[in-house]
Visitor: 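This is the structure I have questions about; it appears just below.
Proteins get letters first, then strands, A, B, ... in listed order; numbering begins at 1 in each.
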2 protein chains.
Amino acid sequence: MTDETADLRTRNSQATREAIGHAALRLAIEQGPNGLALVRVHDIAAAAGVSPRTYNNYFSSRGEAICAFQADQSKRAGKALRARPAGESLTEAITAAVIELYTDPEPDRAGLSMIMLTPELEGEALKAFTMAEGPLADAIAERTDGDGDLFPAVTAAAVAGAVRVAGRRWLEPGTSEPFAAILRRALSHVLPD
Amino acid sequence: MTDETADLRTRNSQATREAIGHAALRLAIEQGPNGLALVRVHDIAAAAGVSPRTYNNYFSSRGEAICAFQADQSKRAGKALRARPAGESLTEAITAAVIELYTDPEPDRAGLSMIMLTPELEGEALKAFTMAEGPLADAIAERTDGDGDLFPAVTAAAVAGAVRVAGRRWLEPGTSEPFAAILRRALSHVLPD
DNA sequence: CGCACCATGTGCGCGTCACGCAATTTCTAT
DNA sequence: ATAGAAATTGCGTGACGCGCACATGGTGCG
């Protein structure tokens with residue numbers, strides 16, 4: 001892995017960040033999409049084993065904490081694309097990278113529902129998915145070597161949008177199709193043949 | 001116009017909504033992208049000539065008020081596409097509709113900068129642009145008569161993303177190219193030839 | 001033409017939150 | 001082992017979101 005653990009200190013703090021995020025999402029799921037107001041900062045902090053003030057050092061809103069996992073996942077989009085072999089076409093590489101990134105384990109239905117289907121979280125959820133765009137655009141630009149200057153960013157945005165739509169689709173009741181399949185179909189509409 | 005003025009009462013309340021939104025955006029611009037915290041609810045309400053409590057009846061956060069104009073504009077995307085003649089191809093129709101919608105007057109640079117370049121507004125800004133997706137997807141579905149079930153939503157998301165990217169591009173310092181031209185180029189990357 | 005009705009505007013008050021500040025604990029590096 | 005930085009924490013403050021109740025004004029009925 002290219003992850004050289006960076007700093008041991010940094011690692012530790014990322015661990016607590018994850019702990020807080022995980023606790024926040026878990027509590028939110030327990031209360032359901034309509035009881036988000038009942039998830040108090042105090043409870044999140046307690047569940048994560050930190051002080052409320054510390055929670056606030058890592059996140060500046062409950063929504064941010066709840067969506068942290070999704071956001072962190074999206075941030076890895078660039079790395080995922082770069083990990084694809086150079087032999088693949090851009091479309092193949094993006095498709096494979098995105099599918100691998102978002103289905104490493106099949107996502108948690110409850111968690112994704114909470115994030116994508118709760119109105120109060122809409123803004124944070126969009127931020128979380130949109131976070132993939134920057135890194136992804138950079139990685140695309142590297143692969144295409146200055147195609148059009150707008151192409152990488154636009155494609156990245158389209159891909160992020162396709163992922164979101166695929167997620168919504170996968171969450172619809174009575175969907176047995178695996179997420180990867182839906183994702184592949186969604187991406188086929190925005191990527192060059 | 002299909003706008004039948006609906007109700008006179010409704011009209012009035014939409015007027016105050018606009019007034020509040022306009023006031024919020026104006027005050028935000030005055031303070032610049034770094035002084036958003038200084039834009040108090042009290043000031044917005046005062047500038048709009050309503051009570052702070054009334055402001056809160058229309059918007060549940062400052063960001064929502066500031067981005068209201070952009071959000072309302074995006075909501076008209078479906079209508080804009082439906083207004084295109086049936087003879088046009090889907091790509092032509094979408095391109096024309098989007099350009100017309102977002103450049104009816106050339107957008108206000110200060111306002112768009114505030115919305116798109118202020119970190120605290122990122123979530124709300126994304127919501128504002130994403131609001132075009134639903135209506136747009138419906139309108140696309142009507143034009144294509146059940147192409148693929150994912151196609152309309154994915155395309156709408158890609159278009160909304162392209163608009164966002166085009167906006168960012170247009171805001172970059174030293175850009176003299178008209179927004180419509182950038183928009184057209186951006187859309188060409190996500191729409192079928 | 002008047003009356004009852006509903007939507008909107010407003011004042012008040014409560015609970016929560018985000019965050020600056022400063023003391024304290026914890027951990028790393030030499 | 002020790003100096004020093006980073007992280008955790010407590011406290012205090014200002015603002016906010018919103019429920020509640022009341023006033024007001026436009027609307028549609030009889």
Visitor: So which of residues 28-35 of chain B are in contact with DNA chain D, with a heavy-atom cut-off of under 4.0 Å?
Guide: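 When residues 28-35 of chain B is checked for heavy atoms under 4.0 Å from DNA chain D, there are no hits whatsoever.
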
Visitor: Please state whether the phosphate of C/dT10, meaning OP1 or OP2, lies under 4.0 angstrom from any side-chain nitrogen or oxygen of B/T54.
Guide: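 Result: yes.
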
Visitor: Round to the nearest Å and state the distance from B/R11 atom CZ to C/dT8 atom P.
Guide: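 Rounded to whole Å, this separation is 15 Å.
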
Visitor: Excluding sequence neighbours, so at least two apart, what forms salt bridge (charged side-chain N to carboxylate O under 4.0 Å, His left out) with B/E120?
Guide: none

Visitor: Got a list of protein N/O to nucleotides 13-17 of chain C N/O distances below 3.5 Å?
Guide:
from, atom 1, to, atom 2, distance (Å)
C/dT16, OP1, A/R40, NE, 3.1
C/dT16, OP1, A/R40, NH2, 3.4
C/dC17, OP1, A/V41, N, 3.1

Visitor: Rounded to the nearest angstrom, tell me the gap between atom CD in A/Q14 and atom C1' in D/dA6.
Guide: 15 Å

Visitor: Scan A/Y58 against the nucleic acid and name what it touches under 4.0 Å (heavy atoms): base, sugar-phosphate only, or nothing.
Guide: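 Sugar-phosphate, backbone atoms only, no base.
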
Visitor: Are A/T16 and D/dT8 close enough that a side-chain N or O sits under 4.0 Å from OP1 or OP2?
Guide: yes

Visitor: Quick one: which residue pairs count as a salt bridge (Lys or Arg N to Asp or Glu O under 4.0 Å) with a foot in residues 28-45 of chain A, not counting sequence neighbours?
Guide: A/R26-A/E30

Visitor: Given 3.5 Å as the limit, does a donor-acceptor pair link the side chain of B/S89 with the main chain of B/E92, or not?
Guide: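 A pair under 3.5 Å: yes.
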
Visitor: Using a 4.0 Å heavy-atom cut-off, write out nucleotides 23-30 of chain C from 5' to 3' as B (base contacted by protein), S (sugar-phosphate only) or - (no contact).
Guide: ----BSS-

Visitor: Of the options C/dT10, D/dT8, D/dG10, whose atoms approach the side-chain atoms of B/N57 most closely?
Guide: C/dT10

Visitor: How bent is the helix from C/dC1-D/dG30 to C/dT30-D/dA1, comparing axes over its five end pairs at each side, to the nearest 10°?
Guide: 40°

Visitor: Using a 3.5 Å distance criterion without hydrogens, assess whether the side chain of A/E124 forms a donor-acceptor pair with backbone atoms of A/L121.
Guide: no

Visitor: Any chance you could pull the hydrophobic cluster mates of B/L27, using side-chain heavy atoms under 4.5 angstrom and chaining through other members?
Guide: B/I20, B/V39, B/V41, B/I44, B/V50, B/Y55, B/Y58, B/F59

Visitor: Determine all donor-acceptor pairs shorter than 3.5 Å in which one atom belongs to a side chain in residues 94-111 of chain A; sequence neighbours excluded.
Guide:
from, atom 1, to, atom 2, distance (Å)
A/T95, OG1, A/T91, O, 2.7
A/Y102, OH, A/S74, OG, 3.1
A/T103, OG1, A/I99, O, 2.4
A/E106, OE2, A/F179, N, 3.2
A/D108, OD2, A/G111, N, 3.0
A/R109, NH2, A/W170, O, 2.9
A/R109, NH2, A/T175, O, 3.0

Visitor: Take a 6.0 Å sphere around CZ of A/R184 and say whether it holds more than 12 heavy atoms from other residues, nucleotides or ligands.
Guide: no

Visitor: Please list, chain by chain and in numerical order, all residues satisfying salt bridge (charged side-chain N to carboxylate O under 4.0 Å, His left out) with A/R53, sequence neighbours excluded.
Guide: none

Visitor: Round to the nearest Å and state the distance from A/R17 atom CZ to D/dT8 atom P.
Guide: 13 Å

Visitor: Using whole Å, what does the distance between atom C1' of nucleotide C/dC19 and atom CG of B/L36 come to?
Guide: 16 Å

Visitor: Heavy-atom count check: over 12 atoms from other residues, nucleotides or ligands less than 6.0 Å from B/F151 CZ?
Guide: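 For B/F151, atom CZ is crowded (more than 12 foreign heavy atoms under 6.0 Å).
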
Visitor: Side-chain polar contacts of residues 185-193 of chain A - donor-acceptor pairs under 3.5 angstrom, sequence neighbours left out - could you list them?
Guide:
from, atom 1, to, atom 2, distance (Å)
A/R185, NH1, B/D149, OD1, 3.3
A/R185, NH2, A/E177, OE1, 3.0
A/S188, OG, A/R185, O, 2.6

Visitor: Tell me, please, which residues at least two apart from A/A71 pass side chain to side chain contact (heavy atoms under 4.5 Å, CB included).
Guide: A/A128, A/M131

Visitor: Listed by chain and number, what are the salt bridge (charged side-chain N to carboxylate O under 4.0 Å, His left out) partners of A/R168, not counting sequence neighbours?
Guide: none

Visitor: Is a side-chain donor-acceptor pair under 3.5 Å present for A/E64 with A/S60?
Guide: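 Looking only at side-chain atoms, A/E64 and A/S60 do form a donor-acceptor pair, the distance falling under 3.5 Å.
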
